[in-house]
Amino acid sequence: MTRWTTAALVAALALTGLTACSDDDSPSSVASKVASAASRAGDAVASATAEAGRRLDGIKNGADAKDDVRLGSPATASDGRTTVAVTAANSAGSAKSFAVQVDFTDRAGKLVDVVVLTVPDVPAGGSGKGTARSTHDLPGDVRAKVSRAVRY
C-alpha cells in the first residue's frame with residue numbers, strides 16, 4: 001500500500017513553550033508561551049489540511065468517492081499512534097485506486113491530525129483495504145472521519 005502522510009499537528013510543539021520555563025518565568029509569561037505554542041499547533045493543522053487538499057485536487061480524472069469509503073474504529077497502536085482501518089468499495093467497471101483524507105478529531109470535534117492514504121488497485125466491484133495512521137501520538141478520545149475521497 002502506498003501512503004501519503006501529510007505533516008500535521010505535533011504534540012511536541014505544544015510542549016515547547018512549557019519546557020522552556022524557568023523559576024524566573026511569571027504566570028503571564030508562561031501563559032504567553034503556551035498561547036504561542038497553541039497558535040503554532042493550529043497553524044500546523046491548517047497547513048496539513050491545505051496540503052491534503054492540494055494532493056487530492058491534483059488527481060486527474062478523479063471522481064468523488066466519499067460515500068464509497070468506510071472507516072473502522074480508531075485504536076492506539078503499540079507505538080502510540082492512532083490507526084483506523086479504511087475500506088474502499090469500487091463500483092466502477094474497472095480497477096481503480098482511491099486517495100482518502102482521514103481527519104482525526106478530539107471528543108469536542110477539534111481537528112488534531114490529517115492524513116491522506118492511497119488504497120491502490122481496487123478491482124471492479126470489489127473492495128480494498130488500507131490503514132490510516134496518525135502522524136504523532138494523539139491523546140484522549142480520538143475520532144476519525146473521511147473528509148474527502150477520490151477514486152481514480
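In this chain, numbering begins with 1 at the start of the sequence shown. All of these numbers come straight from a predicted model, not from anything done at the bench.
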Inset, instruction - For Leu111 and Thr105, work out which heavy atoms get closest and say how close. - result: CA-CG2, 4.0 Å
Legend entry - Those residues that, when tested against Ser127, pass side-chain contact (heavy atoms from CB on, under 4.5 Å) (two or more places apart): Thr87
Inset, instruction - Determine yes or no for a side-chain-to-main-chain donor-acceptor pair under 3.5 angstrom, with Ser134 supplying the side chain and Thr82 the backbone. - result: yes
Legend entry - Shortest non-hydrogen separation from Gly128 to Val119 and the atoms involved: C-CG1, 3.6 Å
Legend entry - Contact list for residues 99-109, test salt bridge (Lys or Arg N to Asp or Glu O under 4.0 Å), sequence neighbours left out: Arg107-Asp141
Legend entry - Heavy-atom closest pair, residues Ala99 and Ile59: CB-CD1, 3.5 Å
Legend entry - Exercise: identify the closest heavy-atom pair between Phe98 and Ala65: CE2-CB, 3.7 Å
Inset, instruction - Report the C-alpha distance between Ser97 and Val122 in whole Å, list the side-chain angles of each, state the deciding distance to 0.1 Å, and finish with yes or no for side chain to side chain contact (heavy atoms under 4.5 Å, CB included). - result: CA-CA 6 Å; Ser97 294; Val122 179; over 6 Å; no
Inset, instruction - Starting at CD of Gln101, measure out to CG of Leu56 and round the result to the nearest 0.5 Å. - result: 6.0 Å
Legend entry - Pairing residues for Asp57 by the side chain to side chain donor-acceptor pair (under 3.5 Å) criterion, not counting sequence neighbours: Arg148
Legend entry - Approximate separation, where rounding is to 0.5 Å, of Arg81 CZ and Thr131 OG1: 14.5 Å
Legend entry - Which residues share a side-chain contact (heavy atoms from CB on, under 4.5 Å) with Ala92, sequence neighbours left out: Asn90, Lys96, Arg151
Legend entry - Test side chain to side chain contact (heavy atoms under 4.5 Å, CB included) applied to Asp68 and Ser91, step by step: CA-CA 8 Å; Asp68 297 328; Ser91 58; 4.3 Å; yes
Legend entry - Heavy-atom pair with the smallest gap, counting every atom of Ala144 and Val84: CB-CG1, 4.2 Å
Inset, instruction - Not counting sequence neighbours, which residues clear side chain to side chain donor-acceptor pair (under 3.5 Å) with Asp79? List them please. - result: Arg133
Inset, instruction - With sequence neighbours excluded, tell me which residues meet side-chain contact (heavy atoms from CB on, under 4.5 Å) with Val146. - result: Lys66, Val69, Leu71, Val100, Ala149
Legend entry - Residues which pass salt bridge (charged side-chain N to carboxylate O under 4.0 Å, His left out) with Arg70, listed by chain and number, not counting sequence neighbours: none
Inset, instruction - Work out which heavy atom in Val115 is nearest to a heavy atom in Ala132; give both atom names and the distance. - result: CG2-CB, 3.9 Å
